[in-house]
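Before any comments, here is the structure.
Only heavy atoms go into these numbers, but all of them, side chains included; no hydrogens, no water, no symmetry mates. This one's a predicted model, so the numbers in the text were calculated from it and none came from an experiment. We number each residue from 1, following the sequence as shown.
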Amino acid sequence: MSADKQYVDALKAIEYIEASFLPAGKFTTYGGVCEALGYKPSKHARHVGQVCSLIDSACFWAKVPFLSLEKVRSDNGLHNSDSFSGDWRTIKDQLIQTSALHQWSNGDVGVIRSMLNHMNGEGALAQWARIDGFGQDALKRALTHV
């Protein structure tokens, strides 16, 4: 789906996460996000993956841990094994730990929402290409989100 649809759905997904899943130890699934957005998981899982990726790119720019990484999981309750590939794979466990230990607040969600509103309507792929352009500095920056 288009970048515009990713953006609209990212805002709705954040609202869904904020309403029920911010406390420590709480999370939803990609299927749960699909259903909350009115989609069939079997047909729209890829789109929801991009929506979550867009949310996490906004987290990078907002200098907060990665919300979707922690709060949206696979159906088995595990973190998405396909997320944060390439160079990011080397720090994925640290990103998970930082996100899991973070005391998520409505203020965090507000900052993420605000950042989404300043991303020029670009989708997840364009945002991560921009972030990856910083090379190792992007990884270092992500690790300082405390």
Side-chain angles (χ1 to χ4, degrees), residues 1-22 26-100 102 104 106-146:
M1 290 190 192
S2 71
D4 288 342
K5 188 63 177 157
Q6 280 182 27
Y7 165 76
V8 169
D9 285 345
L11 291 175
K12 290 178 185 175
I14 287 174
E15 185 177 318
Y16 170 67
I17 293 167
E18 182 179 28
S20 301
F21 302 104
L22 286 188
K26 293 207 174 231
F27 61 87
T28 185
T29 63
Y30 289 95
V33 174
C34 275
E35 291 171 1
L37 297 175
Y39 298 129
K40 291 183 180 180
S42 61
K43 290 188 175 189
H44 294 93
R46 184 179 213 75
H47 170 67
V48 168
Q50 289 299 302
V51 165
C52 291
S53 184
L54 183 61
I55 292 168
D56 282 342
S57 70
C59 292
F60 175 87
W61 296 118
K63 297 182 181 179
V64 297
F66 296 108
L67 180 70
S68 293
L69 176 64
E70 172 56 20
K71 297 298 180 180
V72 183
R73 311 260 183 105
S74 298
D75 286 340
N76 61 8
L78 299 176
H79 293 91
N80 183 348
S81 61
D82 294 328
S83 67
F84 292 93
S85 58
D87 290 342
W88 291 89
R89 174 115 8 242
T90 62
I91 65 166
K92 184 175 180 178
D93 289 341
Q94 292 169 282
L95 297 174
I96 289 170
Q97 182 178 7
T98 300
S99 297
H102 186 72
W104 291 100
N106 299 94
D108 293 324
V109 174
V111 170
I112 297 164
R113 187 178 290 116
S114 177
M115 191 55 59
L116 279 168
N117 289 328
H118 291 92
M119 293 170 66
N120 302 320
E122 292 180 337
L125 292 175
Q127 284 297 314
W128 282 105
R130 186 180 316 282
I131 292 167
D132 286 341
F134 293 109
Q136 290 298 311
D137 287 340
L139 303 181
K140 290 176 191 171
R141 177 181 168 150
L143 290 173
T144 63
H145 298 167
V146 203

How close do D9 and Y39 get, counting heavy atoms only, and between which atoms? OD2-OH, 2.6 Å
Please round to the nearest 0.5 Å and tell me the distance separating atom CG of N117 and atom OH of Y7. 3.5 Å
Side chains of K12 and V8: closer than 4.5 Å at any heavy-atom pair? yes
To the nearest 0.5 Å, atom CD1 of I91 lies from atom CG of L143 at 4.0 Å
Determine, step by step, whether Q6 and E122 satisfy the side-chain contact (heavy atoms from CB on, under 4.5 Å) criterion, reporting the C-alpha distance in whole Å, the side-chain angles of both residues, the deciding distance to 0.1 Å, and the verdict. CA-CA 9 Å; Q6 280 182 27; E122 292 180 337; over 6 Å; no
Taking every non-hydrogen atom, the tightest pair across S57 and M119: OG-CE, 3.1 Å
Are more than 12 heavy atoms from other residues, nucleotides or ligands located less than 6.0 Å from atom CZ of R46? no
Heavy-atom side-chain contact between D108 and L67 under 4.5 Å: no
Side chain to side chain donor-acceptor pair (under 3.5 Å), that's the test. Do K92 and S83 meet it? Break it down for me. CA-CA 9 Å; K92 184 175 180 178; S83 67; 3.3 Å; yes
Is the backbone N or O of H118 less than 3.5 Å from a side-chain atom of W61, with the two atoms forming a donor-acceptor pair by type? no
Return the SG to CD distance between C59 and E70, rounded to the nearest 0.5 Å. 11.5 Å
Is it the case that over 12 heavy atoms from other parts of the model lie below 6.0 angstrom from the CG atom of D93? no
What distance separates F66 CZ from L95 CG, expressed to the nearest 0.5 Å? 5.5 Å
Is the side chain of S114 donor-acceptor paired with the backbone N or O of G110 at a distance under 3.5 Å, no angle test? no
Criterion side-chain contact (heavy atoms from CB on, under 4.5 Å) on Q50 and L125, from CA distance to verdict: CA-CA 8 Å; Q50 289 299 302; L125 292 175; 3.8 Å; yes
Looking at A124 and L54, what are the two nearest heavy atoms and their distance? CB-N, 3.6 Å
Find the distance between CG (L11) and CD1 (I55) and round it off to the nearest 0.5 Å. 8.5 Å
Go through the steps for D56 and W128 under the test side chain to side chain donor-acceptor pair (under 3.5 Å), then give the verdict. CA-CA 9 Å; D56 282 342; W128 282 105; over 6 Å; no
Is there a donor-acceptor pair closer than 3.5 Å between any side-chain N or O of S99 and the backbone N or O of I96? no
Taking all non-hydrogen atoms of both residues into account, name the closest pair between G31 and D75 and its distance. N-OD1, 4.3 Å
S81 versus R89, closest heavy-atom pair with distance: O-NH2, 3.0 Å
Taking salt bridge (Lys or Arg N to Asp or Glu O under 4.0 Å) as the definition, give me every residue that meets it alongside R141, ordered by chain and number, with sequence neighbours left out. none
Nearest 0.5 Å, what's the CG-CH2 distance between D132 and W88? 6.5 Å
Check whether N76 reaches the backbone of L78 with its side chain - one donor and one acceptor, N or O, closer than 3.5 Å. yes
Assess whether side-chain contact (heavy atoms from CB on, under 4.5 Å) is satisfied between F60 and Q127, documenting all intermediate values. CA-CA 10 Å; F60 175 87; Q127 284 297 314; over 6 Å; no
Evaluation steps, side-chain contact (heavy atoms from CB on, under 4.5 Å), between N80 and Y30: CA-CA 9 Å; N80 183 348; Y30 289 95; 3.1 Å; yes
Taking all non-hydrogen atoms of both residues, which atom of L116 and which atom of A10 are closest, and how far apart? CD1-CB, 4.0 Å
